[in-house]
Amino acid sequence: MPELRLHNYVSRRKEDFQPIDPNHVRMYVCGPTVYDLAHIGNARPAVVYDVMARLLRVLFPKVTYVRNVTDVDDKINTRARESGEPIAAITARTLADYHADIAALGNLPPDVEPRATDNIAQMIMIIERLIASGHAYAADGHVLFAVPSFADYGKFSGRSPDELLAGARVDVAPYKRDAGDFVLWKPSTPELPGWDSPWGRGRPGWHIECSAMSWRYLGESFDIHGGGTDLIFPHHENEIAQSLCAFPGSTFAHTWMHNGMLVINGEKMSKSLGNFITIRDVLAKVPAEAARFLLLKTHYRGLLDFNDAALAEARKELDRFYRALDRTQAAPGAPIPETVLDALCDDLNTPLAVAAMHALADAAMAGDVAAAAGLRAAGSLMGLLQTDPSEWFRGEGDDSAAIEAAIAERIAARKSKDFARADAIRKELTDKGIQLEDGPDGTIWRRG
RNA sequence: GGUCCGGUGGCAGAGUGGUGAUGCAGCGGACUGCAAAUCCGCGUAUGUGGGUUCGAUUCCCGCCCGGACCUCCA
């Protein structure tokens, strides 16, 4: 087994991964806030950490992968007020949609998927500990984390508290002792979601949920924490402050991984630019596997441009992989080729793994059945190439019988050297978007 | 403005202190009733100016450009 190396944001460099417990690796990833359909940017961390979890399972005996669901949040409240739909209905529907979209992209479910609203008691426990130890204070119905009480605040994200103070643009709430203090708990009005607490009926701030859920499901200290680069500050900085202060002597997450952002045609995705793309929009245009493959063709820490040309290229590459599998009838269950495993163990270098897969495809094309089986095994580690090749090429459609009949007629025409008829049938099918490929073993066809 | 990250061939995208992966596109050839696919071959790149070094794309500094964060955000 190769050594796993991961880029750790704490040291800003690649490190040998040393699990706290080599028999049980624990990973926490910041999950979605369920107020609207997931966009393609949300798909990136889901896919990246899915591959990470798959890799960890190959390398270690036991892995617990926790990805939370934020189902109490002011964005949800705003949505409910605007649409009139009850909050519970919004979160339930959006979570179901998220699960469907993420599964379509070939992601396995995390081992635990806790919801914030099921962990309010744990959040209150942590807040009480913070107050008791002088790291938090109640004021005007709110509870705030006292940033000056944590000497290392800002160290993680590389900013000094002075800078943060100077950069504060928003008016500082009067109940804050220090401008940088952030909310752990805030009061709710009767129409807003709320829970009874020592500070009255209220709801949690954003950051506390991750401290509570990682603690409950993974313990005070665990191995890997993942999320997008946009969460480094303030979310992760605050998580660290809360958890370290609530559990003195603990180390919280040892390795911090951050996936890069995604742009569309070079532009940041935003509703105002009109280039906001949901996962569902993408799935309506191309096979889900092409989208997943595109997300893995760039290293997870880099900026990724998600556009139609890139999607088309991803699909073509998968075509070649599937042709190689189709020609060799590769069986599942082969060991993962070293070239692929080595690449992924080097800070999840998926582009290098893809290059190794191309080499396997070349060998498979030349008749190397073992290489084909290895390609398939590599695919299983990446969440790719698990479809039957003919299904990949033929896609969705209810006219398959008619197409097969036309192909049979064309084969007959070719046998009797009636090439005019054969070409007419090819043209008919081409006009319908059906491509034919004549090979030594017959004719295969594909849509699009 | 502050902090941080990055700039590799037509495009996408890795690695590396000493002949610059891989894919897509392009070009030439083989094969092919047609069309694909497949196979062989070809070309083109390390933003810019310095420094360290026998030697830098790789390390250091300046500059230019792009991006992220500083405010909800994967």
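Just so you know, these numbers use all the heavy atoms, side chains as well, and skip hydrogens, waters and symmetry mates. Per chain, numbering begins at 1; letters A, B, ... match sequence-line order.
The separation of B:U57 from B:G18, taken at their P atoms, amounts to 11 Å, rounded to a whole angstrom. The P atoms of B:U52 and B:C42 are separated by 39 Å, rounded to the nearest whole Å. For the C1' atoms, the distance from B:A14 to B:G23 is 11 Å, rounded to whole Å. A distance of about 14 Å separates the P atoms of B:G51 and B:U58, rounded to the whole Å. B:G67 and B:C72: their P atoms are spaced 22 Å apart (whole Å). Using atom P as the reference point in both B:G13 and B:A68, the two lie 16 Å apart (nearest Å). Nucleotides B:A45 and B:A56 are separated by 16 Å at their C1' atoms, to the nearest Å. Rounded to the nearest Å, the gap between the P atom of B:G9 and that of B:C5 is 23 Å.
A:Lys176 NZ: more than 12 foreign heavy atoms inside a 6.0 Å radius.
For A:Asp74 and B:C72, a side-chain-to-base donor-acceptor distance below 3.5 Å is absent, hydrogens and geometry of angles not being considered.
Residues satisfying the salt bridge (charged side-chain N to carboxylate O under 4.0 Å, His left out) criterion with A:Lys427, sequence neighbours excluded, are A:Asp431. By the salt bridge (charged side-chain N to carboxylate O under 4.0 Å, His left out) test, A:Asp423 pairs with no residue at all, sequence neighbours left out. Judged as a ring-ring contact (aromatic ring centres under 6.0 Å, His included), and not counting sequence neighbours, the contacts of A:Tyr175 are A:His142. Every residue two or more places apart in sequence or in another chain was checked for a salt bridge (charged side-chain N to carboxylate O under 4.0 Å, His left out) with A:Lys316, and none qualifies. Under the salt bridge (charged side-chain N to carboxylate O under 4.0 Å, His left out) criterion, A:Asp74 pairs with A:Lys186, A:Arg203, not counting sequence neighbours. Every residue two or more places apart in sequence or in another chain that forms a side chain to side chain contact (heavy atoms under 4.5 Å, CB included) with A:Thr78 is listed here: A:Arg81, A:Glu82.
Rounding to whole angstrom units, CZ of residue A:Phe182 and P of B:C72 are separated by 13 Å. One can place CE of A:Met382 at 13 Å from C1' of B:G23, the figure rounded to the nearest angstrom. Rounding to whole angstrom units, CG of residue A:Asn42 and C1' of B:A74 are separated by 5 Å. Distance A:Asn307 CG to B:C24 C1': 13 Å, rounded to the nearest Å. Rounded to an integer number of Å, the gap from A:Asn238 CG to B:C70 P is 12 Å. If you measure from atom NE2 of A:His207 to atom P of B:U71, you get 11 Å, rounded to the nearest angstrom. The interatomic distance linking A:Ile411 (CD1) with B:G33 (P) rounds to 15 Å, in whole Å. In this structure, the CH2 atom of A:Trp206 is 8 Å from the C1' atom of B:C72, given to the nearest Å.
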(request) Using the side-chain hydrogen bond (donor to acceptor under 3.5 Å, both in side chains) rule, take A:His236 and A:His207 through it: C-alpha gap first, then chi angles, then the decisive distance, then the call. (result) CA-CA 8 Å; A:His236 292 160; A:His207 316 294; over 6 Å; no
(request) Report the C-alpha separation of A:Asp71 and A:Leu95 in whole Å, then their side-chain angles, then the decisive distance to 0.1 Å, and conclude whether the side chain to side chain contact (heavy atoms under 4.5 Å, CB included) test is met. (result) CA-CA 9 Å; A:Asp71 60 352; A:Leu95 181 56; over 6 Å; no
(message) Test side chain to side chain contact (heavy atoms under 4.5 Å, CB included) on A:Glu289 and A:Leu105; report intermediate values, then the result.
(response) CA-CA 6 Å; A:Glu289 194 171 343; A:Leu105 286 171; over 6 Å; no
(request) Carefully, step by step, assess A:Asn8 and A:Ser11 under the rule side-chain hydrogen bond (donor to acceptor under 3.5 Å, both in side chains). (result) CA-CA 6 Å; A:Asn8 187 355; A:Ser11 63; 4.8 Å; no
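In terms of position along RNA chain B, the nucleotide closest to A:Glu317 lies nearer the 5' end than the nucleotide closest to the other residue of the pair A:Glu317 and A:Asp423. Between A:Arg426 and A:Thr33, the residue whose closest nucleotide on RNA chain B is further toward the 5' end is A:Arg426.
Listed nucleotides: B:G33, B:A74, B:C72. Nearest to the side chain of A:Leu262: B:A74. The nucleotide whose nearest atom lies closest to any side-chain atom of A:Phe233 is, among B:A68, B:C73, B:C69, B:C69.
At B:A36, none of the side-chain N or O atoms of A:Trp445 fall inside 4.0 Å of OP1 or OP2 (strictly under the cut-off).
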(request) Could you summarise the pairing of RNA chain B as dot-bracket text, marking Watson-Crick and G-U pairs under 3.5 Å with ( ) or [ ] inside the strand and | across strands? (result) (((((((..(((.....[...))).(((((.......)))))....(((((..]....))))))))))))....
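When heavy atoms are screened at a 4.0 angstrom cut-off, A:Gly227 is found touching the sugar-phosphate backbone but no base atom. A:Ile232 comes within 4.0 angstrom of no nucleic acid atom, judged by non-hydrogen atoms across all strands. Nucleic acid contact for A:Leu436: base, since at least one base atom lies under 4.0 Å from a heavy atom of the residue. Looking at heavy-atom distances under 4.0 Å, A:Arg410 makes contact with a base.
Looking only at atom types and distance, the side chain of A:Asp319 has a donor-acceptor partner in the side chain of A:Trp392 under 3.5 Å away. Between the side chains of A:Glu113 and A:Asn68, no donor N or O sits under 3.5 Å from an acceptor N or O.
Side chain of A:Asp418 to main chain of A:Arg414: no donor-acceptor pair is present (N/O by atom type, distance under 3.5 Å, no hydrogens or angles).
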Acceptor/donor pairs from residues 222-230 of chain A side chains to any protein atom, 3.5 angstrom cut, sequence neighbours excluded:
{"unit_1": "A:Asp223", "atom_1": "OD1", "unit_2": "A:Ile20", "atom_2": "N", "d": "2.8"}
{"unit_1": "A:Asp223", "atom_1": "OD2", "unit_2": "A:Arg26", "atom_2": "N", "d": "2.9"}

Considering only nitrogen or oxygen atoms on both sides, find all protein atoms under 3.5 Å from nucleotides 44-47 of chain B and state each distance.
none

Give each protein N/O atom lying under 3.5 Å from an N/O atom of nucleotides 10-16 of chain B, with the pair distance.
{"unit_1": "B:G13", "atom_1": "OP1", "unit_2": "A:Thr298", "atom_2": "OG1", "d": "3.3"}
{"unit_1": "B:A14", "atom_1": "OP1", "unit_2": "A:His299", "atom_2": "N", "d": "2.8"}
{"unit_1": "B:A14", "atom_1": "O3'", "unit_2": "A:Asn349", "atom_2": "ND2", "d": "3.2"}

Scan nucleotides 38-40 of chain B against the protein and return all N/O pairs shorter than 3.5 Å with their distances rounded to 0.1 Å.
{"unit_1": "B:U38", "atom_1": "OP1", "unit_2": "A:Arg320", "atom_2": "NH1", "d": "2.9"}
{"unit_1": "B:C39", "atom_1": "OP1", "unit_2": "A:Arg320", "atom_2": "NH2", "d": "3.0"}
{"unit_1": "B:C39", "atom_1": "OP2", "unit_2": "A:Arg320", "atom_2": "NH1", "d": "3.4"}

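For the side-chain hydrogen bond (donor to acceptor under 3.5 Å, both in side chains) condition, the pairs that include at least one residue of residues 349-361 of chain A, sequence neighbours left out, are A:Glu317-A:His358.
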